[in-house]
**Student:** 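Shown below is the structure under consideration.
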Number of protein chains: 2
Amino acid sequence: MKPPTIFDVAQEAGVSVSTVSRHLRGDRVRAAERISRAVAQLRYRPSPAAQSLKSGKTGAVALVVPDITNPFFAAVVRGAESITAQGGHTIFLANTDESDTREAEVVEDLLTRVDGMLLAPASEDNPSPQRLADAGVPTVLIDREAPSTGRFDTVLIDNHGGARSAVEHLLSNGHERIATIAGTVDSTPGRFRLEGYRAALDAHSIELPPEFVQPGGFKEHGGYQSMLRLLALPDPPTAVFVANNTMTIGALRAIKDIGVRIPDDLSVVGFDDHPFSEILDPPLTVIDRPMEEQGALAMRMLLSRMRNDSSRESRRVVLDVRLIERASCGPPRSAPMGARRQAARI
Amino acid sequence: MKPPTIFDVAQEAGVSVSTVSRHLRGDRVRAAERISRAVAQLRYRPSPAAQSLKSGKTGAVALVVPDITNPFFAAVVRGAESITAQGGHTIFLANTDESDTREAEVVEDLLTRVDGMLLAPASEDNPSPQRLADAGVPTVLIDREAPSTGRFDTVLIDNHGGARSAVEHLLSNGHERIATIAGTVDSTPGRFRLEGYRAALDAHSIELPPEFVQPGGFKEHGGYQSMLRLLALPDPPTAVFVANNTMTIGALRAIKDIGVRIPDDLSVVGFDDHPFSEILDPPLTVIDRPMEEQGALAMRMLLSRMRNDSSRESRRVVLDVRLIERASCGPPRSAPMGARRQAARI
DNA sequence: GCCTCGTCTGAAAACGGTTTCAGAAATTGT
DNA sequence: ACAATTTCTGAAACCGTTTTCAGACGAGGC
């Protein structure tokens, strides 16, 4: 009934527990054969609790994300998991629901149960990374920075550049009235994507009506409402850059409800690709990034950091993004013929 | 540097470790005030390793799924997580990549680290549930059964009824040449959805050409290939029931590539709803089910089972599904006028 | 003021491993 | 065959908690 202990194995094999322990850890031992048989027969597995009590290591890492149902974070989890699958670490997963207080709770709880943590903080000014640093838990931040606290290993993507190239794609199609549905501004992706958007317009000296920046909060409903507001404007935009995947769904739903046509009436660029993007009508132009790679890289950095005893100085990696051109962008209705012709050639 | 132990707290508060332990577990203690202060000041947190060594409980549950990037399983994880968030259990997550051998590995590894397990087995005849039963780990199966072994608590959905109502919806639109892209037949959902499909056709005495059942393996690529084969048939179907979400994406991509139009040339019903389903053109008719609820319910059953010391006999819960009618189904091209008119009224 | 009773306390023994230490056995060299 | 090594072994300490077991202390009854 009760799981067998190392003592049972020792007894079965007629040796001391020390010998069994040594054999299991790889030492040469005379009774190796008998011990292996006893282990197999009793189906013995060492107790992780006892092992980690002695060693101080838990053999586990935590992975804390704002929302596992977001395909991006699901991909990150998968990428991270594919790395640990080899190296014998198991993964604790926790959702924070984009809430700082919930994040503080789960971090506090996980703190003692893991050897390291992969964290996508809910906001930039939240205290979790600092807490982890204080507790001496190796930590790698994913997708979001913690500028208030010290340096952390971080795996980001080029949010600024991605947003900028999205907007530039729209500009090159002849658009000038380009709006954005922005994410939460106190998160790294939200902030930089908004800045990239602004920078692109700035570079082309295009004035930006304040109502062209709509807060969508990275939520589908926010994207829906924002798009509704944009389309209700007396002088609506001819193109919209939507700053993440879930808001894009909401925005497209609003567009569908209103009856606006893409790309004839409105051009749209989203952020983050999805298998569905390709089969929408029209297929959606998006900024794509290596999602699983981002999770895998973060996990590799975490494992390395856990080995190197936190001596090495912290690294900040920025992954490249790329524009996937599909058919959701075209020239604006009132565009000069040049741009219209140019777009038609694509 | 090193985390403080209960001994440090005892020293700081000027009492014995026993007293500290008692206070933390809720006993009335004279030095309660001083101890609390010492705990707060040292930021003491009991070591889970030591606690579980003593108690035999780990305070963790495992959640083993075939593919976390499948939105269904992501939703299940979220639902399960929302339950444990209250009750103080943390979640180990593992992916099996739909592989029996990988599943055996992770189950074997997790076995000793958790008090209970939520498992969506990769196939129906795999040995993991039996192994868990042998080891005395409370287990609840999600979405997939283990008929070979004994009874387990299981949370299923009405796959048979869902498939059947999907096909009946197509029949009521006047279709008679209805194909299916089936999942892996040795999994519960794959098996029952196929049977439900067959049952519906049988009930209407419709003969079924063998090539109308295409194996898609629950993968996007399989859905793509299957749809290509169906459309290349000399006498192709006028409607297709696709047995899961990922295959549906592939199938729709094939349809788009070929240039077939929905629902004019082909009607389609998918299994599992998705935010994107509504904004496809045309919006996709699907069988929907309570995904997060399925995860939450499974977790509730697991926690209950963990309390009741596995005495109670096992329960098998089947959740209802429902058809969401959208615009991807219409009468077949060659349908009799009656059906065509009837469909138009909808 | 003394005895009894109940409450609170600290020492010590687990829990199941790993690791140090010293001694036993096996090996080598002569 | 004996000493000097080397390899292997078991006893015991330890990791940080919880829990049992007595004993100390204070309160209440006579």
Side-chain angles (χ1 to χ4, degrees), chain A residues 1-36 38-39 42-60 88 90 108-115 135-137, chain B residues 1-36 38-39 42-60 88 90 108-115 135-137:
Chain A
M1 213 40 117
K2 302 259 152 156
T5 75
I6 197 174
F7 185 83
D8 301 323
V9 176
Q11 195 161 314
E12 176 75 24
V15 292
S16 74
V17 293
S18 340
T19 303
V20 176
S21 175
R22 274 190 277 259
H23 174 240
L24 292 174
R25 312 217 63 235
D27 278 17
R28 297 201 46 64
V29 156
R30 242 182 278 289
E33 179 59 28
R34 258 179 309 146
I35 296 177
S36 294
V39 166
L42 298 176
R43 271 181 161 177
Y44 166 75
R45 309 234 60 199
S47 144
Q51 284 180 314
S52 69
L53 178 56
K54 190 83 203 10
S55 68
K57 294 294 161 202
T58 64
T90 38
E108 195 63 31
D109 177 45
L110 257 22
L111 212 47
T112 50
R113 312 180 85 98
V114 300
D115 301 332
V137 178
Chain B
M1 211 45 117
K2 304 258 150 155
T5 75
I6 197 173
F7 186 82
D8 301 321
V9 176
Q11 196 160 313
E12 176 74 23
V15 293
S16 74
V17 292
S18 340
T19 304
V20 176
S21 175
R22 274 189 277 257
H23 174 238
L24 293 175
R25 311 219 63 234
D27 278 18
R28 295 204 50 63
V29 157
R30 243 184 276 290
E33 178 59 26
R34 257 179 310 148
I35 297 176
S36 294
V39 166
L42 298 176
R43 272 181 158 173
Y44 165 76
R45 308 233 63 198
S47 144
Q51 284 181 316
S52 70
L53 177 56
K54 192 85 223 324
S55 68
K57 293 296 161 199
T58 64
T90 38
E108 195 63 31
D109 177 44
L110 257 20
L111 212 47
T112 50
R113 310 179 87 99
V114 299
D115 301 331
V137 178

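Labels below follow one simple rule: chain letters A, B, ... track the order of the sequence lines, proteins then strands, and each chain is numbered from 1.
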**Student:** Rounded off to whole Å, could you give me the CD-to-P distance for the Q11(B) and dT17(D) pair?
**Tutor:**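 After rounding, the reported distance stands at 14 Å.
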
**Student:** Can you tell me if Q51(A) touches the phosphate of dG16(C), counting only side-chain N or O atoms and a distance under 4.0 Å to OP1 or OP2?
**Tutor:**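 No.
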
**Student:** Would you call L24(A) and V9(A) a side-chain contact if the rule is heavy atoms closer than 4.5 Å?
**Tutor:**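 They are not in side-chain contact.
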
**Student:** Test your reading of the model: is there a side-chain donor-acceptor pair from R45(B) to the backbone of P3(B), 3.5 Å cut-off?
**Tutor:**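 Checking the backbone N and O of P3(B) against the side chain of R45(B), no donor-acceptor pair under 3.5 Å is found.
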
**Student:** Reading nucleotides 8-15 of chain C from the 5' end, what letters show protein touch, with B for base, S for backbone sugar-phosphate only, - for no heavy atom under 4.0 Å?
**Tutor:** SBBBB-BB

**Student:** Contact between V15(B) and V29(B) at the side-chain level, heavy atoms closer than 4.5 Å - yes or no?
**Tutor:**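 Side chain of V15(B) against side chain of V29(B), heavy atoms only: no contact under 4.5 Å found.
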
**Student:** For I35(A) and dT9(D), give me the distance from atom CD1 to atom C1', rounded to whole Å.
**Tutor:**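 Rounding to the nearest Å, CD1 of I35(A) and C1' of dT9(D) are 11 Å apart.
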
**Student:** Please report, rounded to the nearest Å, how far the P atom of dT17(D) is from the CZ atom of R113(A).
**Tutor:**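 So the CZ-P distance, R113(A) to dT17(D), works out to 13 Å.
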
**Student:** Between K2(A) (NZ) and dG17(C) (P), how many Å, whole number?
**Tutor:**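 Going from K2(A) (NZ) to dG17(C) (P), I get 14 Å.
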
**Student:** Closer than 4.0 Å, any side-chain N/O of S21(B) to the OP1 or OP2 of dT18(D)?
**Tutor:**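 For dT18(D), OP1/OP2 do have a side-chain N/O of S21(B) under 4.0 Å.
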
**Student:** Could you tell me if S21(A) and S18(A) have a donor-acceptor pair between their side chains, going purely by distance under 3.5 Å?
**Tutor:**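 Result is no, nothing qualifies.
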
**Student:** Rounded to the nearest Å, what distance is computed from the CZ atom of residue R45(A) to the P atom of nucleotide dG17(C)?
**Tutor:**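 From R45(A) CZ to dG17(C) P: 11 Å.
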
**Student:** Measure from NE2 on H23(B) to C1' on dT17(D) and round the result to the nearest Å.
**Tutor:**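 Whole-Å distance recorded here is 17 Å.
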
**Student:** Answer yes or no: does a side-chain N or O of R25(B) lie under 4.0 Å from OP1 or OP2 of dT19(D)?
**Tutor:**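 R25(B) to dT19(D) OP1/OP2: side-chain N or O found under 4.0 Å.
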
**Student:** Among D115(A), T90(A), T112(A), exactly one meets side-chain hydrogen bond (donor to acceptor under 3.5 Å, both in side chains) together with T58(A). Which residue is that?
**Tutor:**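 For T58(A), the side-chain hydrogen bond (donor to acceptor under 3.5 Å, both in side chains) check succeeds only for D115(A).
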
**Student:** Can you check the D27(B) CG to dT19(D) P distance for me, whole Å?
**Tutor:**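 After rounding, the gap between these two atoms is 10 Å.
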
**Student:** Could you report the tightest heavy-atom contact between V20(B) and A10(B), atom names first, then the distance?
**Tutor:**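 Between these two residues, the closest heavy atoms are CG2-CA, 3.6 Å.
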
